[in-house]
Amino acid sequence: MALEAARTTPRIAIIGCGFAGIGMAIRLKRMGIASFTVCEAGADVGGTWRENTYPGAACDIPSHLYSFSFEPNPDWSRTFASQKEILTYLKHCVGKYELSPFIRFNTRVLSARFDDDARIWRLDVETGGRRETVQADVVIAANGALSRPALPQIPGIDRFAGKLFHSACWDHDHPLEGKRVAVIGTGASAVQFVPHIQPRVAQLLVFQRTPPWIMPRRDRAVSERAKRLFRTFPVAQRIVRCAIYCQHEARALAFVVEPKLMKRPTAFSLSYLARRIKDPALRAKLTPHYRLGCKRVLLSSDYYPALAQPNVELVTTSIREIAEDGLITEDGTHYRADAIVCGTGFQVVDAGAPFTVIGANGADLDARWRREGPEAYLGTTLADFPNFFMITGPNTGLGHNSMVYMIESHIAYISDCLRALERRGARTMDVMPGIQRAFNDRLQRSLEGTVWNTGCRSWYLLKSGKNAALWPGFTFSFRRLTRRVRAEDYRFTD
Ligand code: NAP
C-alpha cells in the first residue's frame, strides 16, 4: 500500500499522533510537504493525553508553557490544565491545521524495515485486524516515551479476583464508590488520582515503596480579565510563557550545575510536609531519604491532605504477593481489597525499542538497545538507520521543564534534516557512528555527578545504572544543538 496522502517526494510516515506527531505534521504542512501519513494506533488523536484519563489527570507544567509556541491558547481555564482541556487543545490543533486527512487511526506499526536495495522503509502495520505494508522514504517515530504501561511483577497478580487496572487504562465503567481500594505506587500519576478517589471509596490502602518529594501545586483559575488580555495582546501571553520558561529553566542549575542549590527547596518541601501531616508516624513514612530531584519532584496540594483522612492507610511494607481477595505484605499482613489500581508507571529505558526496527544491513535497534542501552544522536538520529528520526528519543527527557519545548527542538532539527537531504539531492542520511559514539560519551560524562545518579531508584536509570532517559542540561542548550544540522556529522547516499 502506498501512502494515502497526496504524493510528492519524500514519502514520510509519522508514527503516533500525540503532541510530537501533531507538531511534526503541522511543520511538514508549513514546509509545503503533503506526502505524509500519521499512523496512530488509537482511535483518536492525543497520545498520552488521550490515554491517561484517570481522575485528576492534569499537567504539572503550567499550561501557558505546556503548549506549542506557535499556537498559544489564551483560553486555558487554569494555570495547570486538566487532561480533558489539553486533549481539547490538541484536537483544536488538528482541526485548525487540517491534519485529519493525513491521519490513519487504529493503525499500529508492528515493525519498520529498511530495504537496502530500494533504500526505502517498509512498515508492517495492523489496521482494523488486517496487516498491510506502508512504504516510506522517511520514518519519524513520534510514539512517545511513556506509552507502554507497566504492571508490577508481583507474584499472584493474575490470581486477584477483584478488579485490577493500570492508571493509564482507567476503567471508568467500574465505579470505586464504597469499595476497599488498594493503590500500588506513589508516583506522578498516583499523587494526582489518590485525592480524587479518596472521598469516594470506603477504604483506601496506598502501598508506597519510596516516598516522593512533593511541593504544593499553585493551581488556580485563570481570570476572565487575563484571558481577555491574552486574546487582545498576544504578546502578554508570550511574556508570561517566557517568564514561566525561565523560572523552570533556572531549576536546571540545581539539577546539573550546583547541587547546593537543592538545599532551599529541600527544606521547603520538608516544611510543607510538616505543615500538612501532623501525625508524626505518618510524616516519618512520608519523609524521603534520598536527594530531592533524584526522582521527579511531584506537585500536589491535595495528596498529603488526602493521606491524612481516616479512611486512608499508607502501607510501607513491601508487597509479598497478591491473593484472590487482596494483597499480602512481607510481614504476613493480609489487606483485603475489592479493586487494585496500579500507578506503577511505564516501561521505559530497559524495555528496548517500542517496535521492531531493522535498519541498513540488518541492524536491529532492539538488540542494540538491549545490549548497549538506548542511545541516539541528539535523541533523534541513529547510525545505520537511514532516514529514521525520533522525537523525544533517548536522553531527551526532562525533570525540570516542558517536554513540548524539547519536542519543538526535535521538530526543527528533523525539518532541517529534510532540507539537508533536498539541498544535496540525497536519498538518505544517517549519523556517522563515531559522531554518535562521541556524543553519547560526552553526554554520559555530563550525567556523572548529577542528582539523578545519587542512589535512588527511578525510571530514568537502566538496571546497569546508566541514565538513558534525561537530557543533562539546559533545554536552550538542546535547542542550540538542534537548530541546524551539521552536514559533516552525517553519511548521505544518492
Ligand atoms: P512513576 O513516576 O514511575 O511512579 C511509579 C510508582 O509505582 C512509584 O512510586 C514506584 O515506586 C511504584 N512501583 C512501581 N513498581 C512497583 C512495584 N512492583 N511495587 C510497588 N510499587 C511499585 O509512574 P507515573 O506516576 O505513572 O509517572 C511516570 C511519568 O509520567 C512521570 O515521571 C512523568 O514524567 C509522567 N507524568 C507526568 C504527569 C504530568 O503531570 N506532567 C503526570 C503523570 C505522569 P518506586 O518509586 O519505589 O520506584
Side-chain angles (χ1 to χ4, degrees), residues 18-19 47-49 51-63 65-67 78-83 85-86 144-157 164-170 182-194 196 205-215 217 219 248 286 288-290 293-300 303 314-322 327-330 335 340-351 392 396-404 406 452 455-461 463 469-471:
F19 253 109
T48 193
W49 295 106
E51 293 283 300
N52 284 269
T53 61
Y54 59 76
C59 190
D60 59 9
I61 296 289
S63 323
L65 184 59
Y66 197 80
S67 40
R78 307 196 66 80
T79 41
F80 294 91
S82 68
Q83 169 263 337
E85 203 171 357
I86 298 170
L146 302 173
S147 56
R148 290 175 286 172
L151 282 174
Q153 292 174 353
I154 300 173
I157 189 162
L164 183 145
F165 55 86
H166 189 276
S167 59
C169 319
W170 198 275
V183 169
I184 306 177
T186 53
S189 303
V191 301
Q192 292 188 342
F193 68 74
V194 160
H196 283 259
L205 301 158
V206 178
F207 290 84
Q208 171 190 278
R209 198 161 65 176
T210 315
W213 283 99
I214 296 188
M215 298 281 190
R217 190 168 74 138
D219 185 28
H248 281 71
L286 288 168
H289 295 290
Y290 56 93
C294 185
K295 296 156 87 73
R296 190 178 177 91
V297 180
L298 308 184
L299 299 189
S300 175
Y303 180 66
L314 183 71
V315 183
T316 53
T317 313
S318 302
I319 304 165
R320 191 181 72 203
E321 62 178 288
I322 296 182
L327 301 92
I328 303 168
T329 47
E330 289 293 354
Y335 295 89
I340 299 177
V341 184
C342 300
T344 40
F346 298 85
Q347 302 171 41
V348 200
V349 282
D350 273 314
T392 67
T396 58
L398 299 177
H400 72 284
N401 212 334
S402 169
M403 276 312 289
V404 181
M406 293 298 268
W452 305 301
C456 72
R457 168 176 32 202
S458 80
W459 66 259
Y460 301 152
L461 305 181
K463 288 196 183 84
L470 293 182
W471 174 246

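These figures come from a predicted structure and were not determined experimentally. Numbering of ligands and ligand atoms starts at 1, following listing order.
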Check: Which pair of non-hydrogen atoms, one from Ser402 and one from Leu65, has the smallest distance, and what is that distance?
Finding: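 Closest approach of Ser402 to Leu65, heavy atoms only: OG-O, 3.5 Å.
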Note to self: Give me the atom names and distance for the closest heavy-atom approach of Lys295 to Ser458.
What the structure shows: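 Looking at all heavy atoms of both residues, the closest pair is CG-CB, 3.9 Å.
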Check: Hey, do the aromatic rings of Tyr54 and His166 have their centres closer than 6.0 Å?
Finding: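 No, too far apart.
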Next item on the list: Using heavy atoms and a cut-off under 4.0 Å, could you grab the residues that are in contact with ligand 1, chain by chain, numbers ascending?
Entry: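 If the criterion is a heavy atom under 4.0 Å, then ligand 1 touches Tyr54, Ala58, Cys59, Asp60, Leu146, Pro152, Ile184, Gly185, Thr186, Gly187, Ala188, Ser189, Gln192, Arg209, Thr210, Lys295, Arg296, Gly343, Thr344, Gly345, Phe346, Arg457, Trp459.
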Next item on the list: Would you please name every residue forming a salt bridge (charged side-chain N to carboxylate O under 4.0 Å, His left out) with Arg320, sequence neighbours left out?
Entry: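 Salt bridge (charged side-chain N to carboxylate O under 4.0 Å, His left out) check on Arg320 returns nothing, list empty.
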Next item on the list: Taking the side chain as every heavy atom from C-beta outward, state whether Trp213 and Tyr290 have any atom pair closer than 4.5 Å.
Entry: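 They are in side-chain contact.
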Note to self: Quick check on Glu330: does its CD atom have over 12 non-hydrogen neighbours (other residues, nucleotides or ligands) under 6.0 Å away?
What the structure shows: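 Yes, CD of Glu330 has more than 12 neighbouring heavy atoms, counting only those of other groups under 6.0 Å.
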